[in-house]
Amino acid sequence: MSAELHITLAGAERVVAAGTTYGEALEADGRTVVAARVNGELRDLASHAADGDVVEPVEISSPDGRAILRHSTAHVMAQAVQELFPEAKLGIGPPVDNGFYYDFDVEQAFHPDDLKRVEKRMREIVKQGQQFSRREVSDDEARAELSAEPYKLELIGLKGGAASSDDGAGVEVGEGQLTIYDNLDPKSGELCWKDLCRGPHLPSTRAIPAFKLMRSGGAYWRGSEKNPQLQRIYGTAWESRDKQDEYLHLLEEAEKRDHRKLGAELDLFSFPPELGSGLPVFHPKGGIIRKEMEDYMRRRQGESGYEFVNTPHITKSQLFETSGHLPWYGEDMFPPFELDNTEYRVKPMNCPMHNLIFRARGRSYRELPLRLCEFGSVYRYEKSGVVHGLTRVRGMTQDDSHIYCTKEQMGGEIKSLLAFVLSVLRDFGLSEFYLELSTRDDSDKFIGEQADWDEATAALRQAAEESGLQLVDDPGGAAFYGPKISVQAKDAIGRTWQLSTIQLDFNQPKRFGLEYQAADGSRQTPVMIHRALFGSIERFLGVLVEHYAGAFPPWLSPVQVVGIPIAEAHTPYLHDVAKKLRERGIRVEVDTADDRMQKKIRNAQKAKVPFMLLAGDDDIANGAVSFRYRSGEQKNGVPVEDAIAEIVNAVERRVQV
RNA sequence: GCCGACGUAGCUCAAUCGGCAGAGCAUCUGUCUUGUAAACAGAAGGUUUGGGGUUCGAUUCCCCACGUCGGCUCCA
């Protein structure tokens with residue numbers, strides 16, 4: 001070994017003595033710079049540099065730095081858990097978005113109080129400043145050292161083979177050399193704990209600036225329900241207390257926007273237990289929002305060449321045999337029932353019925369593209385553990401459309417469909433999108449000709465690329481019968497929701513024997529495109545509630561205007577103003593309750609009504625009203641006609657106020 | 001479906017060790033009404049989610065069902 005090493009540091013050539021660590025070379029403090037990126041690979045600061053290394057610092061606040069921080073915090077948690085619950089066997093503990101988790105096999109699931117104890121012990125470990133020390137081991141050494149950890153032994157057996165980043169196992173064992181990280185007491189050097197791990201890690205537990213345990217729950221070993229269930233603890237960790245508080249604040253903000261909570265508070269919908277899980281009812285105020293959404297959609301679809309159809313809620317089961325859904329999704333459908341010696345089903349989707357409409361008579365190429373649409377009620381037997389507010393229900397209304405076109409029309413049709421859905425979503429106040437292209441992989445769940453898939457995937461990709469939006473690939477994410485584009489929208493606090501999907505289907509046209517007569521007299525099979533705009537109206541309504549935190553733009557607000565008299569004597573005047581507003585199609589109420597004016601303002605404010613119109617002696621004398629907006633701002637003495645114009649204008653332009 | 005926590009008035013939440021089930025808001029009734037987030041008083045409201053068990057006695061302990069919440073798996 002030569003006494004000098006030539007390395008590249010931050011783009012500049014440097015000569016350092018042999019035995020220099022990356023930490024020394026980078027002059028890292030171990031707090032802000034917590035690791036090194038060496039020739040593209042992340043390494044511990046304590047690792048020794050080699051000749052020719054290209055070394056860059058990894059800051060704790062960078063994405064890689066945060067991942068290292070979180071992974072190290074996961075180790076601290078696992079150590080604390082094993083100290084408090086010595087029988088706990090280790091699963092895996094990778095960093096994830098905004099935090100980390102670690103899975104444990106324990107007799108008894110963790111109780112929320114247990115988490116407090118674990119967190120307390122973790123703080124002690126962090127304070128103690130244990131050092132993370134890397135050590136290479138052979139497979140056999142690792143097996144010997146970890147003989148009490150059956151799951152780790154399983155991972156060693158999987159090393160480099162089946163271990164994939166999908167189930168997080170890659171964090172523990174990499175491709176080549178196995179490594180164990182020892183946690184050492186900084187004073188005595190005594191071994192406190194150790195774990196099989198690829199690393200890298202922070203230099204010391206003291207470099208963990210902020211963390212918090214969040215929740216626990218069951219999780220299948222290596223992500224398969226066929227495997228035993230372990231207990232997972234989730235935590236979060238950040239480069240500073242401020243960043244952590246910011247994150248926790250975001251979670252609080254999300255909680256305030258929870259559509260289940262706001263739906264009850266604003267009297268929009270409920271889930272009566274008498275009906276059963278996942279079956280919502282819409283109250284009058286929620287009904288108005290739905291109606292506005294549906295009216296708007298009917299208009300837009302009418303303008304865009306869609307034709308409205310209606311189909312029943314139940315059908316002979318045979319229809320879903322024909323469509324091919326039964327073998328794939330039969331378990332997710334409500335069970336069959338028998339009528340007149342025939343088995344019937346409640347429909348989980350509308351497309352087979354639309355196919356029957358297409359097939360009801362001979363079709364000409366001149367009719368294509370044929371765009372059928374319907375607000376179709378469908379019922380799916382969602383498993384009990386997944387039902388969730390309006391976003392995962394058992395009964396819902398799809399704003400569903402099926403487009404039948406020729407192969408030649410497919411590209412143009414997809415492109416215009418994408419433009420259509422984006423334009424609609426923008427009208428609902430969503431403005432940030434990205435697209436996801438879900439394609440087949442080599443799994444055997446996909447059916448159909450590879451050539452069809454290729455052609456359709458290319459058409460989808462082209463339309464997606466032409467939209468100019470960011471496109472994320474999702475290999476293997478397609479439905480069994482065809483690829484799809486889904487539109488992901490960001491809401492007001494940056495969360496993304498999967499909304500519209502545009503999906504190609506080569507399966508059903510064949511299974512239903514759909515055909516049209518081409519110009520040359522030949523019979524051809526049409527291409528079928530599924531298009532759901534909102535996913536479901538229920539779900540989209542839920543998304544809108546969260547996006548707007550219940551404060552809908554005026555056009556969607558259940559009550560657009562509340563008239564508030566300063567005193568009882570001013571009520572008739574406001575009734576008169578309300579009548580004029582009603583004539584312009586505005587949803588207006590006058591609060592004639594026995595409350596004080598201040599209380600009425602409070603009530604309207606809590607109901608998130610966009611416009612409050614107050615009237616007292618001064619206003620009446622001037623033929624005016626006074627606005628109070630949701631912001632608390634006011635505008636006094638506005639002539640009634642101007643006030644009406646302002647409100648009508650805001651509704652018509654679909655703006656937020 | 002699986003793992004766990006939880007379920008008290010319409011809502012938010014109390015009720016000591018197993019010993020008379022309570023408050024605020026909302027509701028109803030009455031009194032009172034003048035300028036931008038809560039007038040005052042009274043009344044009513046409960047098979048403590050449902051069923052079973054233990055006990056002299058169950059909101060409280062045990063079992064089952066239903067529902068909600070969190071997590072996993074799934075999501076045409």
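Below, read A as the first sequence line, B as the second, and so on, with proteins coming before strands; counting in each chain starts at 1. Excluded from the calculations below are hydrogen atoms, water molecules and symmetry mates; all remaining heavy atoms, backbone and side chain alike, are included. None of these values were measured; they are calculated from a predicted model.
- For the P atoms, the distance from B:rA15 to B:rA23 is 15 Å, rounded to whole Å.
- A:Ser384 comes within 4.0 angstrom of a base, heavy atoms only.
- Residue A:Asp619 is in base contact, counting any heavy-atom pair closer than 4.0 Å across all strands shown.
- Within 4.0 Å (heavy atoms only), A:Gln503 reaches sugar-phosphate atoms of the nucleic acid but no base atom.
- Across all strands shown, A:Tyr481 has heavy atoms under 4.0 Å from sugar-phosphate atoms exclusively, and none from any base.
- Regarding contacts with the backbone of B:rA26, a side-chain N or O of A:Lys599 is found under 4.0 angstrom from either OP1 or OP2.
- At the heavy-atom level, A:Gln598 lies under 4.0 Å from the strands shown only through sugar-phosphate atoms.
- In terms of polar N and O atoms assigned as donor or acceptor, the side chain of A:Gln229 comes within less than 3.5 Å of the base of B:rC2 in a complementary pairing.
- More than 12 heavy atoms of other shown residues, nucleotides or ligands fall within 6.0 angstrom of atom NZ in A:Lys261.
- Atom CG of A:Leu248 is separated from atom CG of A:Asn98 by 10.0 Å, given to the nearest 0.5 angstrom.
- On the P atoms, B:rG7 is 15 Å away from B:rC63, given to the nearest whole Å.
- Between A:Arg628 and B:rA37 there is a side-chain N or O to OP1 or OP2 distance below 4.0 Å.
- Within the 6.0 Å centre-distance limit, the rings of A:Phe104 and A:Tyr102 are counted as a close aromatic pair.
- For A:Asp97, the CG atom is loosely surrounded, since the number of other residues' heavy atoms within 6.0 Å does not exceed 12.
- At the heavy-atom level, A:Met349 lies under 4.0 Å from base atoms of the strands shown.
- Among B:rU34, B:rA76, B:rU73, the nucleotide with an atom closest to any side-chain atom of A:His570 is B:rU34.
- Contact annotation: A:Tyr329 side-chain N/O to B:rC74 OP1/OP2 distance is not under 4.0 Å.
- Heavy atoms of A:Gln231 sit under 4.0 angstrom from primed sugar atoms or phosphate atoms, though from no base atom.
- Among the protein residues, A:Ala567 comes within range of the nucleic acid bases, having at least one heavy atom under 4.0 Å from a base atom.
- Taking the six-membered ring wherever Trp is involved, the centroid distance between the rings of A:Phe358 and A:Phe512 does not fall below 6.0 Å.
- Here A:Phe271 lies out of heavy-atom contact (under 4.0 Å) with every strand.
- Counting any heavy atom pair closer than 4.0 Å across all strands shown, A:Pro565 reaches no nucleic acid atom.
- A:Arg596 comes within 4.0 angstrom of a base, heavy atoms only.
- Nucleotides B:rA21 and B:rC3 place their C1' atoms 34 Å apart, quoted to the nearest Å.
- In this structure, the nucleotide among B:rA38, B:rC74, B:rA76 sitting nearest to the side chain of A:Arg602 is B:rA38.
- A:His388 comes within contact range of the sugar-phosphate backbone alone, with a heavy-atom separation under 4.0 Å but no base atom that close.
- Using a 4.0 Å heavy-atom criterion, one finds that A:Ser224 contacts no nucleic acid atom at all.
- For B:rG70, the OP1/OP2 oxygens have a side-chain nitrogen or oxygen of A:Arg260 closer than 4.0 Å.
- For A:Trp453 and A:Phe446, the ring centers are positioned less than 6.0 Å apart.
- At least one side-chain nitrogen or oxygen of A:Ser277 sits closer than 4.0 Å to the OP1 or OP2 atom of B:rU68.
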